[in-house]
Amino acid sequence: PQRRLDGVAAWFRSRPVPWKTSKFWITQGGVLIVMAVHTLLLRLLPEENLAGIPAPLTSSLMLIPVLYAALAFGVTGAIATATWASSLFVAHWIFLSTEPSIGSHVWIELVNIAVLLASGIFVGQRVEVEQVALRRTESALQLAAVAEERYRSLFEDQPSPVIVTDSRDVVTELNTAARGLLGSAAVGRVLGRSLGLTRAELFRIESPVTVRSAAGAVRNYVPTAHEIDVGDGSVLVQIVLADVTEQCRRQEEQ
């Protein structure tokens with residue numbers, strides 16, 4: 001029994017505390033006002049003036065604040081609101097215990113209270129499940145954004161020219177060094193127009209290639225290409241150009 005009590009206490013502690021918000025207390029005040037009006041009407045007005053108005057109507061109306069508390073505050077808010085409404089019903093029955101009609105609807109209200117509690121718990125649990133899923137999604141999106149920012153920073157700050165092409169050999173991205181080499185106009189063009197080599201040739205080539213930059217300078221590069229599966233059935237190719245101009249010049253001098 002002690003373990004069960006500890007488990008229940010831990011379960012409640014893991015839930016958000018709704019009574020720290022003003023909306024929760026406004027909801028409880030609304031429950032109190034509806035119950036007070038209902039009780040006074042049954043006590044002060046003659047029974048013939050209430051013809052057609054079912055006495056257990058208030059217990060049915062209590063479903064509105066209980067469901068609102070479940071949606072706004074989860075299971076804890078729903079249980080607290082349903083418990084508060086139930087305690088007010090007990091006071092309501094005690095206050096009207098001398099009325100001849102009170103006994104006719106007590107059992108109906110008891111059933112309605114059970115429905116209130118069950119509905120609040122069910123809706124509250126569904127809301128908490130959705131909130132947990134939403135928080136996980138937001139966390140995953142934040143991690144993805146951080147990873148994208150880190151990749152973008154590494155991509156742009158890479159000193160070697162980096163070119164990304166799609167499956168049709170069309171250039172889709174250039175880092176800062178590659179834009180300085182080929183010019184920004186290379187994006188959207190076929191790779192062969194800017195680099196003089198196709199994707200298939202890049203995977204076969206082993207010797208340095210000569211590239212004339214957009215400014216007219218001639219440099220020697222060793223290209224390294226590898227495919228990137230982006231997950232939607234398409235494949236990108238990332239090409240890194242390692243500048244070996246100085247090495248080639250020394251070899252020619254030797």
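In this structure, CG on L32 lies 9.5 Å from OG on S87, to the nearest 0.5 angstrom. Of the inter-residue distances, the one linking E173 atom CD with I163 atom CD1 reads 12.0 Å to the nearest 0.5 angstrom. One finds the OH atom of Y68 at 8.0 Å from the CD1 atom of I26 (value rounded to the nearest 0.5 Å). One finds the CG atom of L181 at 10.0 Å from the CG atom of N175 (value rounded to the nearest 0.5 Å). A distance of 7.0 Å separates CZ in F73 from NZ in K23, rounded to the nearest 0.5 Å. Atom OG of S167 is separated from atom CG of L236 by 8.0 Å, given to the nearest 0.5 angstrom.
Residues V170 and L174 fall into different hydrophobic clusters, defined by Ile, Leu, Val, Met, Phe, Trp and Tyr side chains chained together at heavy-atom separations under 4.5 Å. Note on V244 and Y221: separate hydrophobic clusters, where clusters join Ile, Leu, Val, Met, Phe, Trp and Tyr whose side-chain heavy atoms are under 4.5 Å apart, directly or indirectly.
A donor-acceptor contact shorter than 3.5 Å is absent between the side chain of S139 and the backbone of R135. Without hydrogens or angle criteria, R219 side chain to T245 main chain gives no donor-acceptor distance under 3.5 Å. Judged by distance alone, with hydrogens and angles left aside, the side-chain atoms of R189 form a donor-acceptor pair with the main-chain N or O of A185 at under 3.5 Å. Judged by distance alone, with hydrogens and angles left aside, the side-chain atoms of T81 form no donor-acceptor pair with the main-chain N or O of A78 at under 3.5 Å. W84 places a side-chain N or O within 3.5 Å of a backbone atom of Q28 that can act as its donor or acceptor partner.
Listed here is the closest heavy atom pair of P223 and L241: CB-CD2, 3.7 Å. Considering all non-hydrogen atoms of both residues, L71 and V123 come closest at CD2-CG1, 3.8 Å. When all heavy atoms of A242 and S160 are compared, the pair lying nearest together is CA-OG, 4.5 Å. Nearest heavy atoms, P208 versus V222: CG-CG2, 3.9 Å. Looking at every heavy atom in both residues, A177 comes nearest to Q158 through CB-O, 4.0 Å. In plain terms, the two heavy atoms of R179 and S184 that are nearest each other are CD-OG, 3.6 Å.
Between the side chains of T210 and N220, at least one donor-acceptor pair of N or O atoms lies under 3.5 Å.
No salt bridge links R249 with E252; every basic N to acidic carboxylate O contact stays at or beyond 4.0 Å.
Within the 4.5 Å cutoff, the side chain of Q238 has no heavy atoms near those of the E227 side chain.
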Test log, rule side chain to side chain contact (heavy atoms under 4.5 Å, CB included), inputs S119 and L67: CA-CA 7 Å; S119 301; L67 291 182; 4.1 Å; yes
I228 vs H226, side chain to side chain contact (heavy atoms under 4.5 Å, CB included): CA-CA, chis, key distance, verdict: CA-CA 7 Å; I228 302 173; H226 64 276; 4.1 Å; yes
Step-by-step side chain to side chain contact (heavy atoms under 4.5 Å, CB included) determination, V211 to L182: CA-CA 9 Å; V211 179; L182 304 178; 4.2 Å; yes
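The environment of CD in E149 is sparse: at most 12 heavy-atom neighbours from other residues, nucleotides or ligands sit within 6.0 Å.
Only one option out of V171, L191, V162, V164 pairs with I239 in a side chain to side chain contact (heavy atoms under 4.5 Å, CB included); it is L191.
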